[in-house]
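Everything on this sheet refers to the single structure shown next.
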Amino acid sequence: VRPMPGLDAGAYQENFHLLDNRFYTDFLAQRTDDWGNSDVHACEYFCDDGGMRWTDWHDNRFDDEWEGRESCQSGDTFGMLLNLEEGTLTVYKNNRRLGV
């Protein structure tokens, strides 16, 4: 997720989710020049089927056909590198790059 230092995190304790459209206006109000031109602001990965979802905080987008898509098993280690400038999410499984 993008940095939002002015956001009062305490106001979002109940039923909070970064991809919940009830909060998009609040999140976009935190926009700074540091965000650049990318429209990827937050993302998530689903271990059960390897799907991914991202948002520009106007709507959510699903990518079910991305290169390297794999689900995970108990004991797997997953890592994600969100490049906010490029608007990409690189996914790693057990220290192996799955895809972007």
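Side-chain atoms are counted along with the backbone in the values below, which use heavy atoms only and exclude waters and symmetry mates.
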Checking R31 against H41 for the side-chain contact (heavy atoms from CB on, under 4.5 Å) test, could you report, in this order, the C-alpha distance in whole Å, the side-chain angles of both residues, the deciding distance, and whether it holds? CA-CA 10 Å; R31 185 177 202 100; H41 303 316; 3.6 Å; yes

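- For N94 (side chain) and D76 (main-chain N/O), no donor-acceptor pair under 3.5 Å exists by modelled atom type.
- We find the SG-CZ distance between C43 and R53 to be 11.0 Å, quoted to the nearest 0.5 Å.
- Within the 3.5 Å criterion, the main-chain N or O of F23 finds no donor-acceptor partner in the side chain of D26.
- Counting heavy atoms from C-beta on, the side chains of E70 and R96 come closer than 4.5 Å.
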In sequence, state the C-alpha distance, the side-chain angles, and the governing distance for F78 and V91, and then conclude on side-chain contact (heavy atoms from CB on, under 4.5 Å). CA-CA 7 Å; F78 265 76; V91 179; 3.8 Å; yes

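- Taking both residues in full, the closest heavy atoms of W57 and T55 are given as N-OG1, 2.8 Å, listed atom of the first, atom of the second, then distance.
- In this structure, E67 does not pair ionically with R97, as no charged nitrogen and carboxylate oxygen lie closer than 4.0 Å.
- To the nearest 0.5 Å, atoms CD (Q13) and CG (D8) are separated by 9.0 Å.
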Pair M80-Y45, side-chain contact (heavy atoms from CB on, under 4.5 Å): steps then yes or no: CA-CA 9 Å; M80 295 185 290; Y45 175 83; 3.4 Å; yes

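- Of the possible donor and acceptor atoms, none in the side chain of Y24 sits under 3.5 Å from a partner among the backbone N and O of L18.
- Both W54 and L98 are part of a single hydrophobic cluster, where members link through side-chain heavy atoms under 4.5 Å apart.
- In this pair, F27 and F16 present their aromatic rings perpendicular. The plane angle is above 60°, beyond the 30 to 60° band.
- Sparse packing is recorded around CG of N95, with 12 or fewer heavy atoms of other residues, nucleotides or ligands lying under 6.0 Å away.
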Give the C-alpha distance, both sets of side-chain angles, the deciding distance and a yes or no for side-chain contact (heavy atoms from CB on, under 4.5 Å) between Y12 and L7. CA-CA 10 Å; Y12 303 96; L7 192 69; 3.6 Å; yes

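- In this structure, the side chain of R69 engages the main chain of D49 through a donor-acceptor pair within 3.5 Å.
- No side-chain heavy atom of H58 sits under 4.5 Å from any side-chain heavy atom of N21.
- Panel note: side chain K93, backbone S71; a donor-acceptor pair is recorded below 3.5 Å.
- The shortest non-hydrogen separation linking P5 to P3 is CD-C, 3.6 Å.
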